[in-house]
Amino acid sequence: MRKSHPVRRAVLVGAATVSGIVLLLSLKPASDPASASAAGSAPQQSAAAQESPQGGSGAQRTGTQNVTGDVARTQYGNVQVRLTVNDGKVVEAAAVQAPQGGVSGQKTDLAVPRLNQAAVAAQSADIDTVSGATYTSDGYKQSLQSALDRVKASGASSGSSGSDGSGAAQARTVTGKAAQTQYGPVQVRITVSGGRITQAAAVQAPRGGVSGQKTDLAVPRLNQAAVAAGSADIDTVSGATYTSSGYKQSLQSALDQAGG
């Protein structure tokens, strides 16, 4: 038994050596620098793949956009509505075309301010017809619906065939300070794009009785004059001196804020 002991020892040593070699070979791929590099880069690529769609589809434009509806032809002239949309919500409506002259012009001056307010309040074209201005009201609602359809189609995030200008995202709305007049405050809000006034509206103006009638007569003309002039250097509307003066003061305040 003692004579065979060295042989047994040699066999055991040999078996241990073989086991050690096998173990080293099985561990070598995990310690291979190339394998380690590949294993480390896989999570990085996966993270990058996750960030890419998030940066693309998740980033949506916000801001103010002007969208103009189709021209609606009526018996007394064309009606066309332009909306100011902020983050998908209509914040302002205005008629850029409406019947003018004589009785038609008087009905326009009476109906359009009410239709504008109704459009913003309803956020839809489901608004009441103004009594005595049926054709203008119908044309207004048609053009309004067209503008709303464009807003919905574009998601208010990109320009469309009905949007004004190529830099709609650069347009912004600025509200001037309220000007106090003898008959009530007047406050003007303008939309500015590319350094130009693209839309003007009175968010406050004298209402009720004769003052309200003068407001309905004067404000649409003052709005058009502000857009045309691009400044507060506009004519006073005859018969509405106080409203006109307050309008120009608030308009100048808005222009100062806009840097114009």
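All values reported here derive from a predicted model rather than from experimental measurement. Excluded from the calculations below are hydrogen atoms, water molecules and symmetry mates; all remaining heavy atoms, backbone and side chain alike, are included.
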(message) Does any part of the side chain of Pro220, heavy atoms only, come nearer than 4.5 Å to the side chain of Val112, both counted from C-beta?
(response) no
(request) Output all residues satisfying salt bridge (charged side-chain N to carboxylate O under 4.0 Å, His left out) with Arg114, sequence neighbours left out; order by chain, then residue number. (result) none
(message) Restricting to side chain to side chain donor-acceptor pair (under 3.5 Å), what partner residues turn up for Asn78, sequence neighbours left out?
(response) Arg73
(message) For Ala229, give me all partners under side-chain contact (heavy atoms from CB on, under 4.5 Å), at least two apart in sequence or on another chain.
(response) Ser231, Ile234
(request) Applying side chain to side chain contact (heavy atoms under 4.5 Å, CB included), run through Thr74 and Asp138 and close with a yes or a no. (result) CA-CA 8 Å; Thr74 76; Asp138 289 345; over 6 Å; no
(message) Going by side-chain contact (heavy atoms from CB on, under 4.5 Å), name the residues that satisfy it together with Ala119, two or more places apart in sequence or in a different chain.
(response) Ala93, Tyr140, Leu144
(message) Looking at every non-hydrogen atom in both residues, tell me the closest pair between Asn66 and Thr198 and how far apart they are.
(response) ND2-OG1, 3.1 Å
(message) Tell me every residue that passes side chain to side chain donor-acceptor pair (under 3.5 Å) with Asp233, counting only those two or more places apart in sequence or in another chain.
(response) none
(message) Contact between Thr243 and Pro206 at the side-chain level, heavy atoms closer than 4.5 Å - yes or no?
(response) yes
(request) Going by the side chain to side chain donor-acceptor pair (under 3.5 Å) test, name the single residue among Thr84, Thr173, Asn223 that passes it with Gln199. (result) Thr84
(request) Tell me who clusters with Val71, hydrophobic residues only, linked when side chains sit under 4.5 Å apart either directly or through other members. (result) none
(request) Name all residues meeting the side chain to side chain donor-acceptor pair (under 3.5 Å) criterion together with Gln145; count only those two or more places apart in sequence or in a different chain, and write none if there are none. (result) Asp149
(request) Determine whether Val188 and Val237 fall in the same hydrophobic cluster, where Ile, Leu, Val, Met, Phe, Trp and Tyr are linked whenever their side-chain heavy atoms lie under 4.5 Å apart. (result) yes
(request) Any chance you could pull the hydrophobic cluster mates of Tyr135, using side-chain heavy atoms under 4.5 angstrom and chaining through other members? (result) Tyr76
(message) Please check this pair: side chain of Arg189 against backbone of Glu92, looking for a donor-acceptor N/O pair closer than 3.5 Å.
(response) no
(request) Can you see which heavy atom on Ala147 is nearest to which on Thr68, and at what distance? (result) CB-C, 4.2 Å
(message) If hydrophobic clusters are built by linking Ile, Leu, Val, Met, Phe, Trp and Tyr wherever their side-chain heavy atoms come under 4.5 Å apart, do Val85 and Val91 end up in the same one?
(response) no
(message) For the CD atom of Gln65 and the CZ atom of Arg150, what is their distance to the nearest 0.5 Å?
(response) 11.5 Å
(request) Please check if the side chain of Ser250 supplies one atom and the backbone of Gly246 the other of a donor-acceptor pair under 3.5 Å. (result) no
(request) Return each pair, listed once, that meets ring-ring contact (aromatic ring centres under 6.0 Å, His included) where at least one residue sits in residues 189-248; pairs must be two or more places apart or across chains. (result) Tyr183-Tyr242
(request) Please check if Val151 and Val120 belong to a single hydrophobic cluster, counting links between Ile, Leu, Val, Met, Phe, Trp and Tyr side chain heavy atoms closer than 4.5 Å. (result) yes
(message) Using 0.5 Å steps for rounding, measure from the OG1 atom of Thr191 to the CG atom of Asn86.
(response) 10.0 Å
(message) Looking at Arg196 and Gly230, would you say the former's side chain and the latter's main chain have a donor-acceptor pair under 3.5 Å?
(response) no
(request) Applying side chain to side chain donor-acceptor pair (under 3.5 Å), name anything that partners Thr129, two or more places apart in sequence or on another chain. (result) Lys141
(request) Give every residue pair that meets the ring-ring contact (aromatic ring centres under 6.0 Å, His included) criterion with at least one member in residues 81-106, sequence neighbours excluded. (result) none
With a 3.5 Å cut-off and sequence neighbours excluded, list the donor-acceptor pairs that the side chains of residues 95-109 form with protein atoms.
{"unit_1": "Gln97", "atom_1": "NE2", "unit_2": "Gln80", "atom_2": "OE1", "d": "2.9"}
{"unit_1": "Lys107", "atom_1": "NZ", "unit_2": "Gly132", "atom_2": "O", "d": "3.4"}
{"unit_1": "Thr108", "atom_1": "OG1", "unit_2": "Pro99", "atom_2": "O", "d": "2.5"}
{"unit_1": "Thr108", "atom_1": "OG1", "unit_2": "Ser104", "atom_2": "O", "d": "3.1"}

(request) Tell me whether Val79 is reachable from Leu110 by hopping between hydrophobic residues (I, L, V, M, F, W, Y) whose side-chain heavy atoms are closer than 4.5 Å. (result) no
